[in-house]
Structures are given as structure tokens and as C-alpha cells.
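Just so it is clear, the values below take in all heavy atoms, side chains as well, and ignore hydrogens, waters and symmetry mates. Naming convention: chains lettered A, B, ... in sequence-line order (proteins, then strands); numbering from 1 in each chain.
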Number of protein chains: 2
Amino acid sequence: MADPKTNDLMERIVSLCKRRGFVFQSSEIYGGINGFWDYGPLGAELKRNVKDQWWRSMTQQREDVAGLEATIIMSPRIWEASGHVQTFADLMVECPVTKKRFRADQVEESSGIVYKFSGAKDASGKTSADAFEVMVPAGKPKESALKVAKQFYQLRGLAAPEPIDNGEPAKVDKSTLYSPDSGARLSDPRPFNLMFKTFVGPVESEDNVAYLRPETAQAIFAQFKNVLETSRQKVPFGICQIGKAFRNEVTPRNFTFRSREFEQMELEFFIRPDEAVEAICGEVAKPKGPGHPGEPQTNWGWQMWHQYWVEERIRFYENIGLPRTTLVEYWQKPEELAHYARATVDILFKFPFSKKNEKGELMGEELEGVAARSDFDLSQHQRFSGKSQGVFDEELKISWAKLTPEKQTDLTKRYYETRFKYLTKTGVQAEQAERTAKEDAAGLAKGNYVPHVIEPSAGVDRLTLALICNAYAEEQAPDEKGKMEQRIVLKFHPRIAPIKVAVFPLLKNRPELVKKAMEVRDLLRPHMTVFYDEAGAIGRRYRRQDEAGTPFGVTIDFETLGENAPDQKDTVTLRDRDSMTQTRVNIKDLLGVLLEKVR
Amino acid sequence: MADPKTNDLMERIVSLCKRRGFVFQSSEIYGGINGFWDYGPLGAELKRNVKDQWWRSMTQQREDVAGLEATIIMSPRIWEASGHVQTFADLMVECPVTKKRFRADQVEESSGIVYKFSGAKDASGKTSADAFEVMVPAGKPKESALKVAKQFYQLRGLAAPEPIDNGEPAKVDKSTLYSPDSGARLSDPRPFNLMFKTFVGPVESEDNVAYLRPETAQAIFAQFKNVLETSRQKVPFGICQIGKAFRNEVTPRNFTFRSREFEQMELEFFIRPDEAVEAICGEVAKPKGPGHPGEPQTNWGWQMWHQYWVEERIRFYENIGLPRTTLVEYWQKPEELAHYARATVDILFKFPFSKKNEKGELMGEELEGVAARSDFDLSQHQRFSGKSQGVFDEELKISWAKLTPEKQTDLTKRYYETRFKYLTKTGVQAEQAERTAKEDAAGLAKGNYVPHVIEPSAGVDRLTLALICNAYAEEQAPDEKGKMEQRIVLKFHPRIAPIKVAVFPLLKNRPELVKKAMEVRDLLRPHMTVFYDEAGAIGRRYRRQDEAGTPFGVTIDFETLGENAPDQKDTVTLRDRDSMTQTRVNIKDLLGVLLEKVR
């Protein structure tokens with residue numbers, strides 16, 4: 001958050017979120033807990049709408065995706081296979097005096113004089129061999145260095161220690177080697193695993209360690225075979241899941257953007273390896289240029305599928321009110337890719353707290369990554385579980401038999417090479433890798449392979465925050481007396497707005513108005529979320545709904561009762577949140593008009 | 001699971017759940033993880049429908065309940081206030097030889113001869129003071145007892161130990177004091193907390209301990225004030241939440257019924273204390289008999305509200321297809337109630353694995369508890385957080401001023417007494433309790449109180465399993481040639497069925513049929529979950545949907561194309577899953593007919 005102005009904007013958004021019940025700090029009455037956020041009534045509804053839209057777009061509206069809902073705690077073997085146990089870590093350094101830890105890449109620079117000690121002797125003559133270094137600001141006396149050194153040695157069990165001076169102090173400039181807390185020289189960086197650890201069962205032993213999942217994706221891979229066998233799907237098809245995930249972030253930040261408990265929406269879309277596509281179709285279609293490539297085709301290889309999913313996902317965002325102009329499509333550079341990934345596109349949203357480029361434009365923060373992950377994931381689970389994760393593809397088997405021997409040899413060789421590369425990259429010894437890759441290549445000729453995967457992986461909380469930031473507007477609008485005042489409004493797309501319509505009787509103390517308003521409320525309520533409000537001036541009630549992001553307001557007035565103009569009997573005013581225009585609609589048409597707009 | 005027949009039934013249900021993709025064992029390819037279950041495509045959809053129905057019935061369809069979505073990991077102080085840190089525990093005993101733990105109330109009885117040892121000496125003459133007892137089956141030689149004793153002393157650091165015999169062996173009958181594993185005398189029972197523990201932040205210290213929530217309710221209490229202030233609600237009103245909860249059960253059992261990771265749907269409905277109701281209305285309405293008491297009234301005290309919520313919840317179950325006859329309304333006996341609870345009704349479902357009473361009737365297992373919890377929860381959080389959890393009630397203040405002095409004194413006294421009782425029961429010293437209760441009673445007169453609460457708390461997984469068990473039927477039905485065969489069918493209520501309608505072209509190899517069927521699919525799909533299936537004989541396809549619980553099947557046949565009877569052009573057969581009857585419906589009426597049935 002470099003720019004104070006954007007800082008201000010973000011603060012005003014955070015303040016609105018609290019004031020209107022979108023987001024609260026978790027455990028606030030106990031001082032909160034860093035990195036955890038709760039959704040209040042409006043936030044919970046907004047988030048539900050986001051998840052519903054995603055789930056419906058993936059499952060109900062498609063033939064080729066099946067849903068899954070797996071547990072957060074799974075066998076720890078899954079995280080060995082995925083690599084999370086070994087490599088899902090930040091490098092951390094520790095202050096040897098205060099025991100506080102810092103992310104190695106985030107230690108603040110400091111300058112001063114460094115004193116070195118080669119050990120210490122205590123009153124009884126016992127000597128410590130531990131060397132110690134401490135930096136004190138220039139100008140401070142040597143005693144302050146001695147004091148920290150004494151603390152250090154005392155912690156190591158030396159009572160009344162006397163540090164052994166190790167020669168000349170040295171001037172050091174802008175170093176990140178010393179503790180911002182005590183000045184003591186920090187430990188060497190050590191990896192700190194970001195998975196939350198717990199124990200399953202009554203004994204807290206290494207055998208019973210389990211982790212809170214750091215992503216929902218792995219459960220999809222672990223249940224791939226079960227879903228395949230029970231869902232009547234065949235490759236290409238996908239499995240999707242929405243659910244909580246946990247990462248013990250060292251420095252949670254940017255409101256709900258980087259938190260320790262969050263929710264993901266992930267799809268793993270399983271496809272044929274390119275060699276199988278080529279065997280079946282004679283060729284593999286390649287992208288012809290940017291944009292959506294249209295309906296899926298049998299001759300698509302991973303590149304077409306990848307482009308398809310990037311575009312499908314951007315369409316999804318547009319569909320819930322994030323225009324393409326608010327998004328950035330970032331192609332990861334070759335050196336940024338994991339060794340098994342063939343391409344990854346990050347879809348970024350320009351948050352107010354995003355960094356800016358040299359032109360002063362917001363660069364955006366990741367909402368979603370769409371990764372072409374080859375056959376890495378299922379292959380890992382196959383190796384670690386010893387259970388085949390391959391599929392049998394009848395079409396491939398039939399097509400293969402009709403290929404020329406040259407083509408067969410060519411495809412076999414290419415498939416062998418990618419399998420061999422995967423195996424050796426993951427540590428399988430060359431001889432074993434050669435044997436296994438040969439088997440895999442022989443399997444391909446019989447119609448067997450491990451599917452490749454395209455993974456669109458989105459964060460629910462990030463998207464919810466993006467929708468709030470995008471919807472937030474401060475405008476000048478006339479109050480009831482025509483005087484201009486500031487209006488804060490959340491311009492949510494009606495599809496995701498927490499409340500679809502607010503119903504108001506013009507006056508609270510006129511029973512006919514109240515009765516009619518309640519009838520209208522009850523007419524709409526089975527079909528959408530309705531908020532009924534009779535308290536205060538109508539202008540104030542509109543403003544409250546503006547802040548809640550309610551797209552439509554229905555007011556029951558004296559015209560509705562037929563008191564002023566008989567031809568307006570049973571009509572209401574329908575107010576549009578964004579334009580603030582009001583139109584008269586007959587009550588009998590109201591449900592239809594609104595359903596059209598909110599779906 | 002006493003009865004082998006019900007055992008069989010449950011096994012067949014479990015098998016169907018696996019076969020059709022309702023429920024899989026978590027991490028199955030790695031041998032599973034005890035107490036964790038995943039929902040496959042149909043199960044995920046079923047569970048979603050259950051949650052949606054609950055959420056909509058609580059929020060969208062009511063004025064007086066607001067939603068919340070809080071985190072699973074919260075400040076550990078919350079679990080101190082709720083009592084979970086101190087008392088949410090099972091008593092466990094440990095085998096001193098194998099270190100295995102058992103629930104103290106579940107140790108199997110064993111009989112045999114008990115040998116006692118008062119210590120052991122090792123080769124170098126070092127002696128252990130630990131006494132040891134072990135039971136061996138009658139008839140086994142003393143050497144087997146000695147062997148276990150040696151293991152015991154070896155674990156305590158004695159190399160080649162020689163146990164010191166402590167006199168005569170004793171015969172013991174049906175004792176639960178000895179380890180089923182080794183025969184060693186078990187440890188004394190110690191409490192084992194059922195909360196999963198983890199650490200937040202990079203340091204694994206006591207300061208950073210946190211727990212996975214064992215219930216969703218506490219977050220509602222912790223955010224009570226925030227929701228109250230932002231949602232424009234006032235007492236009486238409720239806050240509801242759906243979400244995962246975790247209990248480190250020692251013995252998870254009965255499929256998904258008692259698992260370690262599960263989902264809850266909880267409502268906390270906040271009401272006025274009876275004294276406030278009496279001050280406002282002059283009296284407190286009491287239940288007049290069984291049944292639903294109708295629309296909420298201002299003069300309801302906790303008893304009416306409690307009855308109301310019990311009946312509302314039963315209506316909910318009826319509404320999604322669990323008839324009242326499958327449920328049991330169990331009123332907890334006074335000795336079963338927590339000290340702060342005024343009444344609790346458990347709503348039980350008669351699962352196949354439920355215990356039977358002496359008449360052989362299934363007694364049922366808990367789906368939901370509806371508890372009248374007094375003002376215990378908010379009062380605890382008020383004490384532990386130091387932040388007022390009280391509300392100001394304008395109506396009460398106004399009414400109070402109009403009461404006679406006698407009435408004021410009477411209500412003040414009664415309110416004082418309940419507050420004093422709460423405070424002393426929770427460990428506040430008498431003098432302090434007296435002072436605080438006096439303040440609380442004085443506050444009441446000014447319109448201030450801590451709300452009481454009615455808590456309907458339901459388990460999503462239990463309900464989902466109940467719906468599956470209730471829907472499961474094995475019937476005899478004719479196959480396509482009229483021969484009787486077994487039909488397995490899940491008779492879900494259309495509201496919660498994972499798939500609402502299946503669409504079939506009669507024959508897969510007739511493009512006109514396939515084209516028309518896809519048109520029908522696309523017509524219905526925006527409005528409900530549709531499964532399109534063209535593979536296999538139509539009878540087989542019906543049976544597959546019977547097992548999936550799909551209530552309706554639509555077949556596109558030659559009549560649809562107008563080939564046989566011109567007047568049947570553009571009509572389809574609509575098959576009813578339960579009656580298996582088929583009716584012809586015009587395609588233009590189809591959506592309306594189905595929407596009517598599935599809503």
C-alpha cells in the first residue's frame with residue numbers, strides 16, 4: 001500500500017464492510033486473531049451468491065463436470081505426494097534472544113556497530129562455546145551490546161555470564177542479518193511449513209500428525225478414480241470443489257485478501273495427453289489467436305483446453321459484474337513455472353492496494369490461476385499410493401491400431417520422453433524411470449494413460465473482496481430537498497447482490513400502506529431475498545440500501561392505494577439503485593420484471 | 001448395531017452410497033483416515049440442497065434471522081468462555097506397555113489371574129520403584145506375566161530388568177481395569193480434550209495454541225453485538241450459521257453419523273428474559289398443549305419460544321421428506337440437562353443402527369437438539385471479554401416505568417435471583433456475585449438485559465444420512481419384459497433430490513431423437529439439475545436414476561417426433577420414480593409442471 005490515497009480508499013471500503021455487516025474481524029471481542037475474518041449477514045449472503053454462481057456454472061450448466069465435497073483433514077500421505085510436506089514453506093530466521101521469527105525476505109535493513117563474542121564464562125567457571133554477534137546503533141556504548149550478549153548466554157544456562165570479547169567492533173551498513181528486536185545476529189534461514197498441523201486420535205505422536213488442507217485440489221486427485229467410476233463421465237471431464245483451506249501465513253495482509261483461513265473454488269479438468277489426441281484425430285489443434293475458442297472439440301490438446309478455460313473463467317467474472325477492463329491476464333514466465341507446469345495464466349484484479357507500474361497503473365493481484373499441470377498430480381498419487389490412476393480409452397485403442405507403424409513409433413517415443421522426464425524430475429532413478437516410462441508408453445498403445453489436467457483455481461474471499469471494491473462508489477446525489485450530498489453505493493450486479501429488492505411503505509403510520517407493502521414483500525420473498533424496511537424517511541431508507549448494494553427498491557405509496565390517480569392503483573415505484581430513476585410498475589408484473597433482472 | 005438384519009440393511013445402504021457416488025471414504029487410495037468421509041457428486045449435491053433449504057428457510061423466508069459465516073479457527077479465549085477448554089473431554093485410560101488409549105467407559109471386560117510386582121532391578125543393580133500389575137488368562141503360566149512386566153520396566157529405562165515378585169496372584173472376574181492389549185493395569189482415567197489443537201503463527205508455543213471449532217454456535221455469540229448493530233434487528237431475533245466443525249472422537253462410528261469432521265446448521269435465537277416479557281405484557285404466555293403455537297407473539301417467554309422452535313424444526317424435516325413418524329421428540333430429563341439449560345428437546349431419527357427398546361422399536365439417534373440455554377452463553381462472553389453483551393430495550397424501559405412498585409420489586413427480585421444463581425454456579429465468589437447481580441437487576445429497570453437464547457442445532461451429515469436411509473427402498477418391479485426383478489430406489493423428496501430430472505432419447509442412434517432430447521435438456525437446465533443419458537436400454541437407464549433418487553424421467557420417443565400419432569407430436573413421457581407411472585406431457589408445459597413439483 002504505497003499510495004496514501006489508495007490507502008484511504010481501502011480504509012473507507014473496510015469501514016463500510018464493518019458498518020454494514022459485510023466483514024468483521026474474527027473474535028473481535030477478544031481482541032481478534034490475526035489473519036481470520038468473519039462474514040456478517042450481508043457478506044455471508046454475497047459470498048454464498050458467488051459460490052452458488054460458480055457451482056451452478058460448473059455443474060448444473062455443464063455436462064462434463066462433477067462435484068465433490070471432501071474433508072479438510074485428509075491422510076497426511078496426500079501432502080507427501082503433492083509435495084506440500086517437503087516444499088510448502090517460507091524461509092524464516094529467528095532472533096536467538098527473543099525467539100521471535102521473521103520471514104527471511106522481509107527482515108528490515110539496519111545499520112550500526114557489530115560486536116562479536118566467542119563465548120562466556122559463568123560465576124562457577126563454566127564456559128559456553130557459543131559464539132554470539134550483536135549490532136547496536138552507532139553512538140551507543142559497548143555496554144548495550146554486552147547486555148544483549150549476557151541475555152543470550154543466560155538463555156543457554158549460564159548464570160551471571162561474562163561474555164568473552166572477540167576483538168574489534170565492525171561498522172555494518174544496511175544489513176538484514178540482525179534482529180530488528182534485539183540486534184542479535186539472526187539464525188540461518190530455515191524452512192517453515194505453511195500447513196497447520198494437528199493430531200488425529202487420542203495420542204499426540206508423529207504417527208498421528210495430520211494437516212489442514214492448504215488447497216482443495218488434492219482431494220479431487222485423490223478421489224479421481226472413485227468419481228470416474230461412479231459418475232458416468234469419461235475423459236475429457238472435470239471434478240470441481242468449493243471449500244475451506246488453511247495456510248499459516250507469516251504475514252497475513254490486505255484485509256481478507258491474504259488470510260490464514262480462506263475458501264477456494266477449484267476445478268480439475270482432466271484431458272487426454274496430446275499424443276492420445278494426435279493418435280485419435282491425426283493432429284492436435286493449436287490456438288489460432290486470442291479470445292474464446294468456442295465449443296470444445298475432440299482434436300483439442302492441452303493448449304486449446306487451457307485457452308478455453310482462461311476465457312471461460314473471464315466470462316464468468318464478466319457475468320457477475322467484473323468487466324474485463326478491471327482484470328489483467330498475466331502469463332507466467334517460463335522461469336516462474338513449476339517444473340511440471342506447461343503454462344499458467346493468473347487472472348488479476350486491480351485492487352486499490354495493488355502495486356502500480358511505472359506508468360502509475362494498478363498492476364493487479366491474483367484472483368485465480370489457470371494452470372496446465374501436465375499429468376503430474378495423478379502420476380504422483382499413483383506413485384505414492386501404488387494404485388493406478390490411469391484410464392482406459394476405447395477410442396484411443398481403436399485409433400491406435402489403425403496408425404502407420406511410423407506414427408506409432410513417433411508417438412510412443414514422444415510419450416516415453418515426457419513420462420521419463422516426469423519420473424526423473426521427481427527423483428526416480430534413471431534405470432527405474434526408463435523401465436516405468438517404457439511400460440507407460442506400451443500402455444498408451446493399448447488405450448491406457450494418466451490424464452493431464454487443466455486447473456482453474458479461484459479464491460472465494462478474494463473474489464468477494466474484488467466485487468466489493470469494484471462495486472464501491474462515492475457519488476454526489478441530491479437529498480430529498482434537492483441539496484447535493486455524498487452517496488456511498490455498492491453497485492453489485494443483481495446476480496450477486498446480497499439483497500435483491502427492498503420493499504418500503506412510504507409511511508409507517510398508515511396501516512393501508514404497511515399492509516400492502518407486506519403483501520408485496522410476501523409475493524417476492526419465495527423467489528428472492530427481500531428486505532422490508534419501514535423506519536425513517538424514505539430517502540434515508542434508499543441510502544441504507546445503496547450502501548447494502550440492493551439493486552432495486554419498491555415503494556408502496558398513495559398512488560398504489562388508488563388515492564390520487566385511479567389509473568395508478570396497484571402500481572408501485574421501482575427505483576433503480578445505480579441511475580436512481582423511478583418507474584411505475586403494476587404489482588402483477590413486478591415479480592416477472594425483477595426475476596428477469598436478478599437471474 | 002445389535003441386530004444382524006439391520007446391520008445388513010446398513011451395509012447395503014453404505015454400499016449404494018459408494019456405488020452411486022454419494023459418499024466415499026476420505027483418502028481411500030491411502031487406506032483412508034478414520035472418522036473422515038467425502039461426498040461424491042450425488043452426495044455433494046444432496047448435501048448442498050439440504051443446506052440451501054435450511055438457509056433459505058432461516059434467512060430468506062423470515063424477517064427475524066440474520067446469517068453469519070465465521071472462521072473455523074477463532075481466538076482460544078472463546079473456548080475458555082464456552083467451557084470447552086476445561087470440560088469438553090472424554091475420560092481416557094492408557095495401557096502403560098503399548099501406550100494405546102481407550103475410552104474409560106468402553107474398556108472391554110476381562111477375567112484372569114493378576115500378578116503384582118513391586119519394582120525391578122537391572123543387571124547393574126539399579127532398581128525401579130514403579131509397582132506394576134498384569135492380568136493373564138487363567139491357565140497361562142506365570143512366565144507370560146513376567147514377560148509383560150519386563151517390557152514395562154524396560155520402557156522405564158531398566159536394561160535386562162528382573163521384576164520383584166509381590167506375593168500371591170489373585171483371581172479377578174470381569175474387570176475393566178486391565179489393558180485389552182497387554183493385560184497391564186490401565187492408568188487412572190484422565191480427561192482427553194476432544195478439540196483438535198493447532199498453532200497459529202510461526203512459533204509452536206502455548207501462546208499460539210488455537211483450536212478447530214467443535215461447534216459453530218460460539219462464533220454467533222462472539223459476533224452477537226456486531227450483527228445486532230449492523231443488521232437492523234432487535235430482540236427477539238436470531239443469527240444462523242452453517243459450517244464445518246471438528247471433534248477428535250475417540251471412536252468414530254456408524255458411517256457418517258459420528259465422524260471427526262462434520263457440518264452443523266445452527267441458529268441462536270435471542271429472546272427477552274421472562275421478567276422483561278412480564279414487565280412489558282403483564283404476563284408471560286405458557287404452552288397450552290402440544291403442537292405448533294402459531295405466529296410469534298410479544299408475550300411469549302422462553303417456554304413458548306422453545307416449543308415454537310421444536311415445532312418449526314419438525315416442520316422443516318417434514319418439508320424435505322422426513323415424516324413425523326420417522327422422528328422421535330425426546331425431552332431431556334432434568335438430570336441430563338446442563339446446569340444453565342432450562343429444557344432441551346432432541347429430535348431423533350430412527351436409523352437402522354439405532355438401539356431398540358424392549359418392544360423392539362428403534363429408539364432413534366440425535367439429528368438435532370433444541371435447547372433453551374437461558375442467558376448463559378452471552379453472559380459468559382461478557383465476563384470473559386469484559387465487553388457488555390447486553391441490549392437496550394426501549395419498550396421495556398417505557399413499560400417498567402408504568403409498573404406498580406410491588407411489581408417492580410417482584411420482577412427485580414426474580415431477575416436478581418437468576419443472575420445470582422448463574423454467577424455463583426460459574427464460580428464467581430458470593431460477594432462479587434451479589435454485587436454484579438444487583439447491578440444487573442438495576443439495569444433491567446432501565447431496559448438493559450443480556451438476552452436469553454433458544455438454540456436449534458442440527459447436523460448436516462446426520463440429516464443427509466437420515467434422508468438417504470429414509471429414502472432407501474428395495475422393491476420388486478417388472479423389467480422391460482415384464483419379469484419381476486429387484487429395484488433399489490432412493491425416494492428422495494424432489495426438493496432435495498440431487499438430480500431433479502433425467503432426460504433420455506429413446507434410442508441413441510436416431511439423431512432426431514437425440515437432437516430433440518438435447519433441446520429438452522437445454523430447456524430445463526437453467527432451472528434445475530438435469531442428467532442427460534443416452535447409453536443403454538431405457539429400462540436400465542430408469543434403474544440407474546432410481547438408484548440416484550432422481551424423481552422424474554423424461555423420454556423423447558417417436559411419438560414426440562409425431563411419427564406414430566400426430567396429436568402426440570411434441571409430447572414426451574414423464575415417468576414418476578416412485579409410482580413408475582408414465583404420463584404424456586407437452587414440451588411447452590414441461591418446465592411449469594416440473595418446477596411445481598421440485599420447489
Let me know if B/Gln241 has heavy atoms under 4.5 Å from chain A in its side chain, its backbone, both or neither. neither
Counting heavy-atom pairs under 4.5 Å with chain B, which one of A/Gly40, A/Ala70, A/Ala222, A/Gly35 comes out on top? A/Ala70
Using heavy-atom distances under 4.5 Å, tell me whether A/Leu194 contacts chain B through its side chain, its backbone, both, or neither. neither
Which bit of A/Thr59 is near chain B, if near means a heavy-atom gap under 4.5 Å: side chain, backbone, both or neither? side chain
Output yes when a side-chain donor or acceptor of B/Asn248 lies under 3.5 Å from a complementary backbone atom of A/Val200, and no otherwise. no
Turns out that what part of A/Asp533 lies under 4.5 Å from chain B's heavy atoms comes down to side chain
Any ion pair linking B/Glu69 and A/Arg48 (charged N to carboxylate O, less than 4.0 Å)? no
With a 4.5 angstrom heavy-atom cut-off, which part of A/Trp55 approaches chain B: side chain, backbone, both or neither? side chain
With only heavy atoms counted, which part of A/Ala548 is less than 4.5 Å from chain B, the side chain, the backbone, both or neither? neither
For the pair B/Ser75 (side chain) and A/Gly32 (backbone), establish whether a donor and an acceptor sit closer than 3.5 Å, ignoring hydrogens and angles. no
Evaluation steps, side chain to side chain contact (heavy atoms under 4.5 Å, CB included), between A/Val203 and B/Lys100: CA-CA 8 Å; A/Val203 186; B/Lys100 201 167 151 184; over 6 Å; no
Quick check on side-chain hydrogen bond (donor to acceptor under 3.5 Å, both in side chains): which of B/His381, B/Lys387, B/Glu80 does A/Tyr30 satisfy it with? B/His381
The interface call for B/Gln223 against chain A, heavy-atom contacts under 4.5 Å, is side chain
Side chain, backbone, both or neither: which part of A/Met92 has a non-hydrogen atom closer than 4.5 Å to chain B? side chain
Is it the side chain or the backbone of A/Asn226 that comes within 4.5 Å of chain B heavy atoms, both, or neither? both
Any salt bridge between B/Glu229 and A/Arg20, counting N to O under 4.0 Å? no
Does the B/Glu261 side chain pair with the main chain of A/Ile72, one donor and one acceptor, at a distance under 3.5 Å? yes
Heavy-atom proximity to chain A below 4.5 Å, by part of B/Phe531: side chain
Where does A/Arg19 contact chain B at under 4.5 Å (heavy atoms): side chain, backbone, both or neither? backbone
Quick one: what part of B/Gln218 sits under 4.5 Å from any heavy atom of chain A, side chain, backbone, both or neither? neither
Under 4.5 Å heavy-atom distance to chain A, tell me which part of B/Lys99 shows up: side chain, backbone, both or neither. backbone
What is the minimum heavy-atom distance between B/Ser27 and A/Met74, and which atoms define it? OG-CB, 3.4 Å
Once you round to the nearest 0.5 Å, how far does CG of B/Leu524 lie from CD of A/Gln60? 10.5 Å
Applying a strict 4.5 Å limit to non-hydrogen atoms, the region of B/Arg103 in contact with chain A is neither
Does the side chain of A/Glu63 come within less than 4.5 Å of B/Tyr532's, by heavy atoms? yes
Could you report the tightest heavy-atom contact between B/Pro41 and A/Val227, atom names first, then the distance? CG-CG1, 3.9 Å
Of the listed A/Arg521, A/Gln389, A/Gln25, A/Glu249, the one with the largest count of heavy-atom pairs under 4.5 Å with chain B is A/Arg521
With no hydrogens and no angle check, do the side chains of B/Ser26 and A/Thr71 hold a donor and an acceptor under 3.5 Å apart? yes
Counting only non-hydrogen atoms closer than 4.5 Å, does A/Arg62 touch chain B with its backbone (N, CA, C, O), its side chain (CB onward), both, or neither? backbone
Can you find a pair of side-chain heavy atoms, one from A/Arg599 and one from B/His527, that are under 4.5 Å apart? yes
For A/Phe192, is it the side chain, the backbone, both, or neither that has a heavy atom closer than 4.5 Å to a heavy atom of chain B? side chain
Below 4.5 Å, heavy atoms only, C-beta onward: do B/Thr230 and A/Phe24 meet side chain to side chain? yes
When A/Arg101, A/Arg525, A/Arg77 are compared by non-hydrogen pairs under 4.5 Å with chain B, the top option: A/Arg525
Counting only heavy atoms closer than 4.5 Å, note whether A/Lys225 contacts chain B via side chain, backbone, both or neither. neither
Take B/Phe246 and A/Ile73 through the side chain to side chain contact (heavy atoms under 4.5 Å, CB included) test and state the conclusion after the steps. CA-CA 10 Å; B/Phe246 297 78; A/Ile73 295 178; 4.0 Å; yes
Tell me the closest heavy-atom pair linking B/Arg232 and A/Ala535, and the distance in Å. NH2-CB, 3.5 Å
Please state whether the side chain, the backbone, both or neither of A/Arg56 comes within less than 4.5 Å of a heavy atom of chain B. side chain
Under 4.5 Å to a heavy atom of chain B? For A/Pro252 that would be neither
If I measure from the heavy atoms of chain B, does A/Glu94 come under 4.5 Å with its side chain, its backbone, both, or neither? neither
